[in-house]
Structures are given as structure tokens and as C-alpha cells.
Amino acid sequence: MSSGSGGSGEVGATWALIAAAGFGERLGIDRPKAFAALGGRPLLAESLDRLDRCELIDAIVVAAPPGWEEPSILLAEELTASKVVACVTGGATRAESVAAALAEVPDEALVVLVHDAARPLVGDAVVERLLAQLGEGYDGVVPVLPVDDTLKRVTGGVVAETVDRSSLVAAQTPQAFLAPALRRAFSGDFAGATDCASLVERTGGRVAVVDGDPRLLKVTTPEDLALVESWL
Ligand code: CTP
Ligand code: MG
């Protein structure tokens, strides 16, 4: 494994990038969210372990919080997560962290999955759905959930309109992309994007959806962490 540039020299077709570099301000603990305790190990361990054991994934790059590169490498070693080929320093935004990880992916890679460490309970089933749909000729595939609540657009504390939710879904990760489409998406201005699919859409890519999983909940608050822990 390398910290920074380089790789194992062995190139697989399908790479997974784990965005783990956020500070977790809303979780409000004394360390980055990726190192919050979940079931007795760091939150990052869950997705790292699960993606490493997923047979459809060949190699993994972790974007770690600044100053937490070494603990991330040690964690991968402890887990014997042998697919982890690089651990890079994340950036100021999620998109910048993903860009740093993407820079480690060799030209030969065909498919890149991008996953939030904040969604610990990633499983083989969603990865299978994503890759199967990607094979149908799309540039990207995103797992989504229906929106159950009524949605309202609010301005200055007053409802401006009730939004028709029938065509709206909530996007999760992992998101899967053809490597060239993701590279193209990151060749322009990407800093503010909250997910990778939005960049691929913006650069003309066709992005399909598959069923997401309620257990892919993103841990944002202490309550989320407790809920995910109860599902372990
Ligand atoms: N992320 C990242 N680099 C950043 C910001 C976020 O890699 N500069 C990652 C987080 O580690 C997380 C995912 O993107 O896995 C989704 O971000 P979010 O849930 O917002 O995490 P944080 O930014 O850490 O949390 P907060 O917004 O509460 O600070
Ligand atoms: Mg954030």
C-alpha cells in the first residue's frame, strides 16, 4: 500500500474510492466521523471491510482526513484489507477528496465506485445491482430511495409551494461509473458537488438508478450512529 502516489502495480478493472475525509461537525465528537466508534471499531472499518470482501471489487483507495492517513493505513492493515492500494489526504470538500482518490486510479481501470464512509452498512447486493445496471450501457448508476414525506419549498419561513414528489428520489452511495465518464466529470469545476453523479450528469453522462437500501443510511448525527449500531 502507498500513502500518496503509486499503487500496487497490479491493475484490476473495478476500483472503489471511499470518501472518509470529512470532519463530522454535526456528529460533534473529538475526532473525524470516520473514526467514531461503531460496534467497537472505527466507523470506516465497516465499509472498508465490506468493500474489501466484495468479490466484484478489485482495488480500494481511501481519502482520509488530514492527519489521519496513518491511522487509516493501520486500520486497513489490521483488517487485512489487502485491496487497499492507496490512502490519500482528503480535501476541503467531498468532491475534492474524491478527486484526490481518483488521481490514484490507473488509466486501465474500467469502473469506479465512489462510497461515503459515513454509510457503513454497504453490502454486496447493492454493488451487484449497480454493476449489472452499469453494464446496460450507462455512464453512471446511483442507488436511490423513494421520498416518503411531502416536500415543500420554503422561503423566509413561509411555504412557497408544495413540490410534486412523484418523480423525486433520494440518492445514496455507493455510486458506480465508467472510469472515463467519472474522469471527464472531474476535469471541470467540481468543488461544490454533493455527489459524483451530479457532476457526471452535468458533463452529459447518462445516469441510471437502482434500488437503494434504507440501511445505507448516512450517519450524520449521534442519533444516526446509534441507529446504525442497532442494525449491526
Ligand atoms: N467527505 C470527505 N471529504 C470532505 C467532506 C466529506 O471525504 N472534505 C466525506 C465524509 O467523510 C463522508 C461523506 O463525504 O463519508 C459525506 O459527507 P458528510 O456526511 O457531510 O460528512 P462530514 O462532512 O464529515 O460531516 P459534517 O458535514 O457534519 O461535517
Ligand atoms: Mg459534510
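Note that the coordinates shown come from a computational prediction; the quantities given were computed from them, not determined experimentally. First listed ligand is number 1; within each ligand, the first listed atom is number 1.
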Peer 1: At a non-hydrogen distance cut-off of under 4.0 Å, which region of Lys33 contacts ligand 1 (side chain, backbone, both, or neither)?
Peer 2: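 Lys33 to ligand 1: side-chain contact only, backbone stays beyond 4.0 Å.
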Peer 1: Look at Asp49 together with Arg41 and state whether they make a salt bridge at an N to O cut-off of under 4.0 Å.
Peer 2: yes
Peer 1: Looking only at protein heavy atoms, which one is nearest to atom 29 (O) of ligand 1, and what is the separation?
Peer 2: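 Of every protein heavy atom, Glu25 N, 2.7 Å lies nearest to atom 29 (O) of ligand 1.
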Peer 1: Got the closest protein heavy atom to atom 7 (O) of ligand 1, with its distance?
Peer 2: Ala21 N, 2.9 Å
Peer 1: From the options Gly22, Pro32, Ala64, Gly91, select the one whose nearest heavy atom is closest to atom 6 (C) of ligand 1.
Peer 2: Gly22
Peer 1: Considering only protein heavy atoms, which is closest to atom 14 (O) of ligand 1, and at what distance to one decimal place?
Peer 2: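 Result for atom 14 (O) of ligand 1: Arg94 CG, 3.5 Å.
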Peer 1: Is a side-chain N or O of Arg50 found less than 3.5 angstrom from the main chain of Val122, in a donor-acceptor match?
Peer 2: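 Yes.
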Peer 1: Measure Ala34 to ligand 1 on non-hydrogen atoms and call it side chain, backbone, both or neither using the 4.0 Å cut-off.
Peer 2: neither
Peer 1: Heavy-atom contact under 4.0 Å between Gly24 and ligand 1?
Peer 2: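 Gly24 counts as a contact of ligand 1 under the 4.0 Å cut-off.
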Peer 1: Is there a nitrogen or oxygen of Thr220 sitting under 3.5 Å from a nitrogen or oxygen of ligand 1?
Peer 2: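 By distance alone, the answer is no.
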Peer 1: What protein heavy atom is closest to atom 13 (C) of ligand 1, reported as residue, atom name and distance in Å?
Peer 2: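 Closest protein heavy atom to atom 13 (C) of ligand 1: Asp116 OD1, 3.4 Å.
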Peer 1: Side chains of Asp213 and Arg119: closer than 4.5 Å at any heavy-atom pair?
Peer 2: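 Contact flag for Asp213/Arg119 side chains = no.
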Peer 1: Is ligand 1 under 4.0 Å from a heavy atom in the side chain of Thr93, in the backbone, in both, or in neither?
Peer 2: backbone
Peer 1: Are more than 12 heavy atoms from other residues, nucleotides or ligands located less than 6.0 Å from atom CD of Glu161?
Peer 2: yes
Peer 1: Provide, to 0.1 Å, the distance between atom 15 (O) of ligand 1 and the closest protein heavy atom, together with that atom's residue and name.
Peer 2: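 Here the nearest protein heavy atom works out to Ala19 O, 2.7 Å.
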Peer 1: Pick one of side chain, backbone, both or neither for how Arg119 approaches ligand 1, counting any non-hydrogen atom pair under 4.0 Å.
Peer 2: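 It is neither part, as no heavy atom is under 4.0 Å.
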Peer 1: Check for me whether Ala63 has a heavy atom closer than 4.0 Å to any atom of ligand 1.
Peer 2: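 The answer is no, since Ala63 has no heavy atom less than 4.0 Å from ligand 1.
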